Amino acid sequence: MQIHRDMGRSLTGTVIITGGNGSLGSEIAVAIAKTQPFTHLLLTARHPTRQDVRDLITRIRLIGPRSIEVLGLDLTDLRSVTSFVQRTIERVRSKEIPPISNLIHSAAIASYTVDELTLDGYDPVYQTNCVAPFFLTVGLLEAFRAGDGTPDGGAKVIYIGCSAASYGRLDFFDRNQGRDTRPPGTILSRKEGNIRFGSSKLLASVALYALRRSLASTDNIALDLFTLDPGGMVGESRLRTGAPLSVRIAHQTRSGLGPILRMVSRSSINKTSVPAKVIAKVAFRRVAVEQAERYFILDSEYEAASVLPTLRDGPAMQSQLVHMMGRVEVGSQFKGSPESTSTAPTTY
Ligand SMILES: NC(=O)c1ccc[n+]([C@@H]2O[C@H](COP(=O)([O-])OP(=O)(O)OC[C@H]3O[C@@H](n4cnc5c(N)ncnc54)[C@H](OP(=O)(O)O)[C@@H]3O)[C@@H](O)[C@H]2O)c1
């Protein structure tokens, strides 16, 4: 394994970006590489040897000497997530890489057909967008950079949200973990697909805010967790692949966008580099420990509960946390040996 470290100065933290080869994830990596030369960029991709990953590394190399690696991570397989978590914790402990300063959940999928459940027994949209990001965050807790009371201490977890969360329902995946009674391959309507995707994004946001509250009340962990909705984006996103034509047209015209995005008319359709620059800025904002729960829509900042009213419902939040922690416990029982899944870094 080789990490490029011709930096001439020690690294300040590790930035993990899931979906690092995705349309937004890759732009976030570029934006952080441009503005934060002394961070270690740890990108995850399902297929780290693919050409899009190689092209991204080449692009980042042109910016200047950077410490960067790409690891395999498949969010639809909790053994892969566990293996990634174990390996990352070991590497931070042994000081092979610096503690995590930022975990940016950018990976996501949308699907407009009834899918087979994952090996872990979940709807793949729910697992990829919600269960696995939560699992990853909890699993990595001890690898985050500790707070030392200075603006450079502590760490941030940014969940990349979506206006589609406004279609979501908190109880959508309660029944049979999202199992649809219709046969796999059945085409879903635009409405069904949006509710399913929106529910996965909504639940992830709510669960992570619930985790934030729990950490703030029980531990002295200087960890800030929040959602950032990048707004509509043009580009090569694969999230709309397979969507009914009506969905794709709605994305192009914005006629189908939900109330969260409509709140801010200037969060219009942007190139991915626009939200990526905002994310790179917010991720490294120098504040000691953020007290308020915030929700970003592009670069506009809101009280999170004004966007997600569930956050005002203490018992509902507690119940979501208990629910998700239950998923984490069950998932941990599926621990595979680190050799059993592909987390070997790809050397460039
Ligand atoms: N596109 C938009 O207009 C829009 C608007 C608002 C919010 N967002 C949010 O922005 C984020 C990024 O979206 P995007 O437009 O960049 O989408 P994208 O180009 O399709 O990228 C999605 C990324 O997720 C990865 N991924 C999918 N399934 C995975 C799995 N099982 N395990 C690990 N990684 C997996 C993909 O990897 P592979 O290459 O291997 O498939 C890819 O890197 C998402 O959270 C989305 O909800 C997007």
Side-chain angles (χ1 to χ4, degrees), residues 16-30 43-56 70-81 83-84 104-111 115 118-120 122-133 135-136 158-168 194 196-205 208 227-243 247-248 250-254 256-258 260-261 264 267-276 278-279 296-298 341-343:
I16 299 178
I17 305 172
T18 68
N21 62 309
S23 133
L24 178 61
S26 57
E27 286 299 330
I28 300 172
V30 167
L43 311 183
T44 78
R46 272 193 292 191
H47 309 288
T49 55
R50 227 167 51 184
Q51 191 57 42
D52 58 352
V53 175
R54 293 179 180 280
D55 292 345
L56 173 63
V70 185
L71 297 187
L73 174 64
D74 182 355
L75 298 172
T76 56
D77 180 356
L78 291 183
R79 286 174 315 161
S80 171
V81 182
S83 175
F84 176 83
I104 303 175
H105 295 290
S106 185
I109 50 159
S111 163
D115 294 299
T118 65
L119 287 176
D120 303 299
Y122 297 107
D123 174 327
V125 172
Y126 176 44
Q127 177 159 341
T128 306
N129 302 351
C130 178
V131 176
F135 191 101
L136 191 58
I158 304 179
Y159 181 74
I160 303 300
C162 185
S163 61
S166 58
Y167 300 119
N194 286 346
R196 177 195 193 189
F197 178 74
S199 299
S200 69
K201 300 296 279 185
L202 172 69
L203 274 160
S205 279
L208 287 169
T227 295
L228 189 149
D229 173 355
M233 296 183 288
V234 287
E236 299 301 311
S237 174
R238 285 178 290 277
L239 292 179
R240 294 188 289 278
T241 308
V247 175
R248 284 177 260 151
H251 271 275
Q252 284 158 14
T253 62
R254 297 201 296 142
L257 295 176
I260 295 180
L261 187 53
V264 190
S267 310
S268 54
I269 307 285
N270 289 300
K271 288 198 291 187
T272 43
S273 57
V274 173
V278 170
I279 293 161
F296 290 83
I297 300 178
L298 202 52
T341 51
S342 163
T343 57

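Please read these numbers as outputs of a predicted model, since none were measured by experiment. Each ligand, and each atom within it, is numbered from 1 in the order the structure gives. By convention here, the first residue in the shown sequence is residue 1.
For H47, no nitrogen or oxygen atom sits less than 3.5 Å from a nitrogen or oxygen atom of ligand 1, counting backbone and side chain alike. For the pair L75 and ligand 1, the shortest N or O to N or O distance falls below 3.5 Å. Checked by distance only, ligand 1 and N21 come closer than 3.5 Å through their nitrogen or oxygen atoms. Residue G22 has at least one N or O atom closer than 3.5 Å to an N or O atom of ligand 1. Considering backbone and side-chain atoms alike, G231 places every N or O at 3.5 Å or more from each N or O of ligand 1. On a distance-only criterion, P230 and ligand 1 share no N/O pair closer than 3.5 Å.
Close approach to T76 involves these atoms of ligand 1, each under 4.0 Å from a residue heavy atom: 31 (N). Near D74, with a cut-off below 4.0 Å to any heavy atom, the atoms of ligand 1 are 30 (C), 31 (N), 32 (N). Per-residue contacts place G161 under 4.0 angstrom from the following atoms of ligand 1 (heavy atoms of the residue considered): 7 (C), 8 (N), 9 (C). Close approach to L24 involves these atoms of ligand 1, each under 4.0 Å from a residue heavy atom: 10 (O), 12 (C), 16 (O).
Scanning all heavy atoms of the two residues, the minimum distance from N21 to R50 falls at ND2-NH2, 3.0 Å. V125 and A110 get closest at one heavy-atom pair: CG2-C, 4.4 Å. In terms of heavy atoms, A276 sits closest to I28 at CB-N, 3.6 Å. Here the closest heavy-atom approach between residue S200 and residue C130 is recorded as O-CB, 3.5 Å.
The only member of L228, T227, V278 that meets side chain to side chain contact (heavy atoms under 4.5 Å, CB included) when paired with F296 is L228. A side chain to side chain contact (heavy atoms under 4.5 Å, CB included) with P124 holds for exactly one of N129, I109, V131, L75; it is I109. Screening D77, T76, D120 for a side-chain hydrogen bond (donor to acceptor under 3.5 Å, both in side chains) involving Q127 leaves a single residue, D120.
A donor-acceptor contact shorter than 3.5 Å is absent between the side chain of K201 and the backbone of S166. At distances below 3.5 Å, at least one donor-acceptor pair connects side-chain atoms of T18 with backbone N or O atoms of S106.
Distances from atom 30 (C) of ligand 1 to the heavy atoms of K201, R50, M233, R46 put R46 nearest. Counting heavy atoms only, A108 comes closest to atom 22 (C) of ligand 1 of the residues G19, G198, S23, A108.
Under a 4.0 Å heavy-atom criterion, S163 is not in contact with ligand 1. F197 counts as a contact of ligand 1, since one of its heavy atoms falls under 4.0 Å from the ligand. The shortest heavy-atom distance from S106 to ligand 1 is under 4.0 Å.
Using a 4.0 Å cut-off between heavy atoms, L73 contacts ligand 1 through its backbone alone, with no side-chain atom that close. Residue contacts with ligand 1, taken as heavy atom pairs separated by less than 4.0 Å, involve I109 solely via side-chain atoms from C-beta onward. At a heavy-atom cutoff of 4.0 Å, ligand 1 is contacted by no atom of H105, backbone or side chain.
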Checking side chain to side chain contact (heavy atoms under 4.5 Å, CB included) for the pair L24/I279: CA distance, chi angles, key distance, verdict?
-> CA-CA 10 Å; L24 178 61; I279 293 161; 4.2 Å; yes
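Between D74 and R46, some side-chain heavy-atom pair lies under the 4.5 Å cut-off.
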